[in-house]
2 protein chains.
Amino acid sequence: MEADVYAKNCPSRQLLDRIGDAWSVLIVGVLKDGPLRYTELAQRIPGVSPKMLTQTLRGLERDGLVTRTVYAVVPPRVDYTLTTMGRSLLGLCEALKDWAEDNIADVVEARDAYDARSVA
Amino acid sequence: MEADVYAKNCPSRQLLDRIGDAWSVLIVGVLKDGPLRYTELAQRIPGVSPKMLTQTLRGLERDGLVTRTVYAVVPPRVDYTLTTMGRSLLGLCEALKDWAEDNIADVVEARDAYDARSVA
DNA sequence: CGGCATCCCCCGGGATACTG
DNA sequence: CAGTATCCCGGGGGATGCCG
């Protein structure tokens, strides 16, 4: 299989979009220690709307990165877990997260410098 | 510096968006072997519109990941190069690209299975 | 609890055309 | 060559409200 993200119509480009999506990265990252319920996910990812949370989870499930388990109890309980493929993405997500956190200071500085230049 | 992508208002989230952006990943990846001109970039990234190319390059430049060098010649010549920080992203971009290309087959399969289930 | 439906607004981003 | 300018459409994504 010769997938090539530099090929215009290669589906691997869509995949790049998915794993680049900030919500996806955050969700995968937060699932690293085990299954979480819908509400727990919402709590650990401040700022995510119910809509985006559901939507992103559905996408991850469809792509085989996350498993959705429904328990037939009252009140309802739904667990989300990483699949094997999802777990293979963990390293990348953490690296992404670490890089962002390590370099944000320099980036902010670069932005200020750039913006100051534009004004002048 | 305590950056935390899981903090709602931390600028590192914006950074996550930037390095997650597919165009950014592709541009950084294609610059790994050295400087390229605007047109060369356009050629090596099929499907990118002039607008998105310029816009993404400006963003990368502003964030201090790419250097833009203008030569005062006719016809005009502009080179784009990775900065040191930009180069520090290279490993990540390649890992992203590799993961996408390695796993797209499984993902497509998972999607088909998921969609078949929905129809039924 | 864990959603899905709806409304609605904003803007990302493609296509096209023009300029220094 | 390396953009900028303009138009325009689709959809991303927030807010709200309802259901099993």
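Note that these values count all heavy atoms, side chains included, but never hydrogens, waters or copies made by symmetry. Chain letters run A, B, ... following the sequence lines, proteins first and then strands; every chain starts at 1. Since the model is a prediction, treat every value here as computed from it, not as a measurement.
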For this session: Any chance you could lay out the side chain to side chain contact (heavy atoms under 4.5 Å, CB included) test for B:T81 and B:L31, step after step, and finish with the verdict?
Result: CA-CA 7 Å; B:T81 326; B:L31 281 176; over 6 Å; no
Exercise. Is there a salt bridge (charged side-chain N to carboxylate O under 4.0 Å, His left out) between B:R68 and B:D79 once you walk through the steps?
Worked result: CA-CA 6 Å; B:R68 178 168 178 272; B:D79 276 4; over 6 Å; no
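What separates CG of A:L57 from P of D:dG13 is a distance of 14 Å, to the nearest Å. Separating the CG atom of A:L26 from the P atom of D:dG13 is a distance of 13 Å, rounded to the nearest angstrom. Rounded to whole Å, the distance from CG on B:D79 to C1' on D:dA2 is 12 Å. Taking atom CG on A:D17 and atom P on D:dG12, their separation rounds to 11 Å, with Å as the unit. For the pair A:E40 CD and C:dC1 P, the computed distance is 11 Å after rounding to whole Å. Computed from coordinates, the B:L36 CG to D:dA2 P distance equals 11 Å when rounded to whole Å. In this structure, A:L41 places its CG atom 13 Å from C1' of C:dG3, rounding to the nearest Å.
Contact between the side-chain N/O atoms of B:R77 and the OP1/OP2 oxygens of D:dG3 is not found at any separation under 4.0 Å. Taking only side-chain nitrogens and oxygens, B:R37 comes nearer than 4.0 Å to OP1 or OP2 of D:dA2. In this structure, B:Y80 reaches the D:dG3 phosphate: one of its side-chain N or O atoms is under 4.0 Å from OP1 or OP2. Between D:dA2 and B:R58, no contact under 4.0 Å exists linking OP1 or OP2 to a side-chain N or O.
Nearest heavy atom pair, residue A:E101 against residue B:D4, reads OE2-CA, 3.2 Å. Between B:V48 and B:L53 the shortest heavy-atom distance is CG2-N, 3.8 Å. Considering all non-hydrogen atoms of both residues, B:R13 and B:K8 come closest at NH1-O, 4.2 Å.
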Exercise. Reading nucleotides 9-17 of chain C 5' to 3', which nucleotides get B (base under 4.0 Å from a protein heavy atom), which S (sugar-phosphate only), which -?
Worked result: ----BB---
Do any N or O atoms of the protein come closer than 3.5 Å to N or O atoms of nucleotides 18-20 of chain C, and which pairs are they?
none

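With values rounded to the nearest 0.5 angstrom, A:D21 atom CG is found 8.0 Å from B:D17 atom CG.
The listed nucleotides are C:dC1, C:dC4, D:dG3; the one nearest the side chain of B:V78 is D:dG3.
Side chain of A:T56 to backbone of A:S24: no donor-acceptor contact under 3.5 angstrom is found. With hydrogens and angles disregarded, no donor-acceptor distance shorter than 3.5 Å links the side chain of B:Y80 to the backbone of B:V66.
For A:R111 and B:Q14, the side-chain atoms include at least one donor-acceptor pair closer than 3.5 Å.
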